[in-house]
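Worth knowing before you read on, the calculation uses all heavy atoms, side chains too, and leaves out hydrogens, waters and symmetry mates. Order of the sequence lines fixes the chain letters, A, B, ..., with proteins taken first and strands second; residue numbering starts at 1 for each chain.
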Amino acid sequence: MKNNMNYQNRRAQSFAGLGRINYEQMKNTRVREPFCRATPLGRASLPWETERGGTGCGCDRRGNDIGRSEGFQDRRDFGNHAHEEGNVCGCSRRGTDHTHLPTAAESRDPRIPSVEEGCGCGCGRADGDCAKMKKQIQTVDFALYEVILYLDAYPDSGEALNTYHLLLARRQKLVAAYEQTCGPLTAWGNVSTNSWDWVKGPAPWEYPKD
Amino acid sequence: MWTYEKKLQYPVKIKNPDPKAAQIIISQLGGPDGELAASMRYLHQRYSMPNKKVAGLLTDIGTEELAHLEIIAAILYQLTRNLKEEDIAGTPFATYFVDHTTGLYPVAASGVPFDMKYVGVKGDVIADLNEDLAADAAITQAQSLSKNRRKPL
């Protein structure tokens, strides 16, 4: 039973036991080559809002501007397509030295998970790395379950319901992306039409390969 | 009805198999304060709850306890992988191994199989909710006895 249902206190504790992100340390590390390569769009309210599936920039990752953003691109489409302007990882974080510190608004908002597993620059993308994508979903699900239990007890809390939808939207994007490349999460998430992936692959209780 | 998601609620990666730890942790699986008892308790009490909010809450908690059951099972599965007979012989796990090898059978650490007697479902709101309070306190105590001292599940 959850004994601390106050999700406002999340930032004061380790989030999901994964540990607080050390921004001092992060400032000094070289931004590792991310798997993703894209530029953000102009708007940047929440980090994940600029990720509209694929590049977010509207190109098809082969240098051709298709004028709209596709859904999540299959991992085979990640060609060598780097955008010169902006943060190469496509996150919404600003800072000329690409330290990817959170914005003031993001720091204040306790609903936003402070740890975003992903490419290592803090943008939160983990395209193609199934283990990381799964961990992102586990992180969101953890918070989501807290909000669900809170809402069960206090169904009239508008703020909690807003948080629920915020997290749910994030989750749906992550799950869609995961099921496209890594296999189904539920029996009705089998995307492939020629392979029953539900019974394939390691079971969740197996020792993880990496 | 229940949907299964092919992921653990919290990731488990046990690098070093340890049959002694397995013998202690198996109580979280099939013991009186384990996750199986917790999920059966919540999932069965919800039917007779007059307040549907509470019934909904018990449903969600019971479902989450089933997820915790899976985490414990994953921990035990990884604690007992690749064990040789000489690792097991002489440890308390040997008596469990005789009957179940490295299969996962819900028992308490004492070897007593899981028993529904650990659970009380009276159909009375006050009695059932008090049972939940008492069980939760016991669970928290049992889990904090373990070496890890992480936040109880």
Query raised in the report: Does anything in residues 36-108 of chain B pair up under disulfide (SG to SG under 2.5 Å), and if so which pairs, sequence neighbours excluded?
Result: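 For residues 36-108 of chain B, and leaving out neighbouring residues, there are no disulfide (SG to SG under 2.5 Å) pairs at all.
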
Spatial distance of atom [atom1] ([X]) from atom [atom2] ([Y]) [nearest 0.5 Å]:
X      : Y      : atom1 : atom2 : value
B:E64  : A:I148 : CD    : CD1   : 9.0 Å
A:Y207 : B:L79  : OH    : CG    : 11.5 Å
A:L185 : B:Y4   : CG    : OH    : 10.0 Å
A:W205 : B:I72  : CH2   : CD1   : 15.5 Å

Neighbour count above 12 (heavy atom, 6.0 Å) for [X] [atom1]:
X      : atom1 : value
B:K84  : NZ    : no
A:Y164 : OH    : no
B:K122 : NZ    : no
B:Y47  : OH    : yes
B:E86  : CD    : yes

Point to revise | Interface moiety of B:I14 toward chain A, non-hydrogen atoms closer than 4.5 Å | key: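 Contact with chain A involves the backbone of B:I14 alone.
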
Problem - Heavy-atom pair count under 4.5 Å with chain A, highest-scoring of B:K15, B:E70, B:E5 - result: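 Looking at each option in turn, the highest pair count goes to B:E5.
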
Quiz item: Between A:Q138 and B:L8, is a side-chain contact (heavy atoms from CB on, under 4.5 Å) present by the stated rule, with each step listed?
Solution: CA-CA 8 Å; A:Q138 283 169 326; B:L8 294 178; 4.2 Å; yes

If I compare all heavy atoms of [X] with all of [Y], which pair ends up nearest, and what's the gap?
X      : Y      : result
A:W198 : B:K6   : O-NZ, 2.7 Å
B:K53  : A:D152 : CG-O, 3.7 Å
B:D60  : A:Y145 : O-OH, 3.3 Å

Original post:
Hey, are the side chains of B:T3 and A:W188 touching, using non-hydrogen atoms and a 4.5 Å cut-off?
Top reply: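 When only atoms from C-beta onward are counted, A:W188 and B:T3 do touch, with a gap below 4.5 Å.
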
Ionic contact status for B:K7 with A:E206, cut-off 4.0 Å:
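Salt bridge: no.
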
